[in-house]
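Chain letters run A, B, ... following the sequence lines, proteins first, then strands; residues in each count from 1.
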2 protein chains.
Amino acid sequence: MTITASEIQFIQTWGILSSQWGINRTMAQIHALLLMEKGNLSTDEIMEKLNISRGNANMNIRDLMIWGLVQKVHIAGERMEFYKAEKDIHKVAVAIARERIKRELEPVIISLKELKGFTFKEDEESSHYLKLLNDIDEFATMVHKIMTIFVQSDKNWFYKKVLNYFK
Amino acid sequence: MTITASEIQFIQTWGILSSQWGINRTMAQIHALLLMEKGNLSTDEIMEKLNISRGNANMNIRDLMIWGLVQKVHIAGERMEFYKAEKDIHKVAVAIARERIKRELEPVIISLKELKGFTFKEDEESSHYLKLLNDIDEFATMVHKIMTIFVQSDKNWFYKKVLNYFK
DNA sequence: TTGAATTTTCAATATTTACTGAAAGTTAAA
DNA sequence: TTTAACTTTCAGTAAATATTGAAAATTCAA
């Protein structure tokens, strides 16, 4: 495989996008590389193509596996490990959504409920604060609901609903 | 206003959440502080409550204003500027969604279309890559659609649809 | 208009985050 | 088992990002 200019741009685009969402650039670039690759890649090939160290490659591949985006592939007769990315973009999106719900949304919802428990409508100031907590909780719960529907439902059903404006 | 333990935790929660999504901690903490405050705050009060420098406060307040989350308030007879946050959480979410669509989603969609234009189904490798680009484009377009509906539609209609599972 | 009050900017610095590379750990063929 | 191939870890370092604070710019009351 030779990397074309278009593919370099794809790797960069994916890397920039991800870094805006709290995922590090190298992790995203390895992911982009594996998404483009029909076959499997070894750590050495990834290191070479992205110009990164062994340690960096190893740690980011591990994270991609934790996220469920990349899998190890054992090749008969080969000593070296190879890696491949999940290619179904809907499955990729579901895996990412699942992780973000668990890592970010749910802890915040728990924290909001806890904060609500601490606060009582003693005075005007507290009542304003309590309304704020309730409003944020309502919004976070709605986002949680949408994401859960997305994660659990059939791809075609969900896409069709959205294209039909939730009709 | 005295900051309670609960409010400190709210500021921290909001700060942590935001930093996971590419917004810096201080910007989020100022936002949290202003959301909790019924009245208006001056730069000096913000500096004091969050223990940050004037420059830092100024720059992050400016960013919050660019995002449409905070507004300047002129108080008659006062020389100093005061600031207040938009308190309607739905409007806050809409403002954030609007910025993220513009800053992140749309550039990526443009970039994907550009990449698709460069690539032709010459061989099997290219055709695999083209499918990848199409799938990501399809997904990004769907997310764009949902977010645009959210931004444009009436709050009650949207929430009701979601609570009814898009029925 | 002046000049004191206030806001803004930005070079220097501190902090956080990511990366390297070599050493330690693991694996499996011989 | 040995040992060479390969993977993982992590202390040290580099790079990126955020913050400070003082100087420059702006504003407005007198």
Side-chain angles (χ1 to χ4, degrees), chain A residues 11-12 14-34 40-67 69-85 103-104, chain B residues 11-12 14-34 40-67 69-85 103-104:
Chain A
I11 292 173
Q12 283 175 350
W14 199 252
I16 291 164
L17 177 66
S18 307
S19 66
Q20 289 168 326
W21 293 79
I23 286 170
N24 90 52
R25 220 182 71 253
T26 304
M27 180 170 153
Q29 290 186 343
I30 294 172
H31 189 213
L33 190 63
L34 288 169
N40 312 308
L41 291 177
S42 66
T43 300
D44 290 78
E45 288 168 310
I46 292 168
M47 286 164 61
E48 196 217 326
K49 282 178 203 282
L50 297 178
N51 259 293
I52 56 174
S53 71
R54 185 170 299 284
N56 194 9
N58 185 272
M59 287 192 300
N60 282 294
I61 291 168
R62 183 180 53 195
D63 284 347
L64 285 164
M65 288 194 291
I66 292 171
W67 279 72
L69 302 173
V70 163
Q71 288 181 307
K72 267 191 187 169
V73 181
H74 280 285
I75 293 183
E78 282 275 14
R79 186 70 190 281
M80 219 179 252
E81 309 265 22
F82 290 82
Y83 303 94
K84 71 165 181 197
R103 292 180 188 214
E104 294 155 26
Chain B
I11 292 173
Q12 283 175 350
W14 199 253
I16 291 165
L17 177 66
S18 307
S19 67
Q20 289 168 328
W21 292 81
I23 286 170
N24 90 54
R25 220 181 72 254
T26 302
M27 179 171 154
Q29 290 186 344
I30 295 172
H31 189 214
L33 190 63
L34 288 169
N40 311 308
L41 292 177
S42 65
T43 301
D44 291 77
E45 289 169 309
I46 292 168
M47 285 164 60
E48 196 217 325
K49 282 176 202 283
L50 297 178
N51 258 292
I52 57 174
S53 71
R54 186 170 300 282
N56 195 8
N58 185 272
M59 285 193 302
N60 283 292
I61 291 168
R62 183 179 52 195
D63 283 347
L64 284 165
M65 290 193 291
I66 292 171
W67 279 73
L69 302 172
V70 163
Q71 287 181 308
K72 268 190 186 167
V73 181
H74 279 286
I75 293 182
E78 282 274 14
R79 185 70 188 282
M80 219 180 252
E81 308 266 23
F82 289 81
Y83 302 95
K84 71 166 182 198
R103 291 179 188 216
E104 294 154 25

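- Listed by chain and number, the residues in a salt bridge (Lys or Arg N to Asp or Glu O under 4.0 Å) with B:R103 are B:E99 (sequence neighbours excluded).
- The side-chain contact (heavy atoms from CB on, under 4.5 Å) search around A:L34 returns A:I30, A:L41, A:I46, A:V70, A:Y83, A:A85, not counting sequence neighbours.
- In this structure, B:L33 CG and B:L50 CG are separated by 5.0 Å, a value rounded to the nearest 0.5 Å.
- B:E48 meets the salt bridge (Lys or Arg N to Asp or Glu O under 4.0 Å) test with no other residue; sequence neighbours excluded.
- Read 5' to 3', the first and last nucleotides of DNA chain D with an atom closer than 4.0 Å to a heavy atom of chain B are D:dA18 to D:dC28.
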Problem - Under 4.0 Å protein heavy-atom contacts per nucleotide of nucleotides 17-30 of chain C, with B for base, S for backbone only and - for none - result: -SSBB-----BS--
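- Tested against B:S42, the residues B:M47, B:E78, B:M80 include a single side chain to side chain contact (heavy atoms under 4.5 Å, CB included) partner, B:M80.
- Judged as a side-chain contact (heavy atoms from CB on, under 4.5 Å), and not counting sequence neighbours, B:N58 has no contacts.
- Taking CD1 of B:I61 as the start and OG1 of B:T43 as the end, the distance is 4.0 Å to the nearest 0.5 Å.
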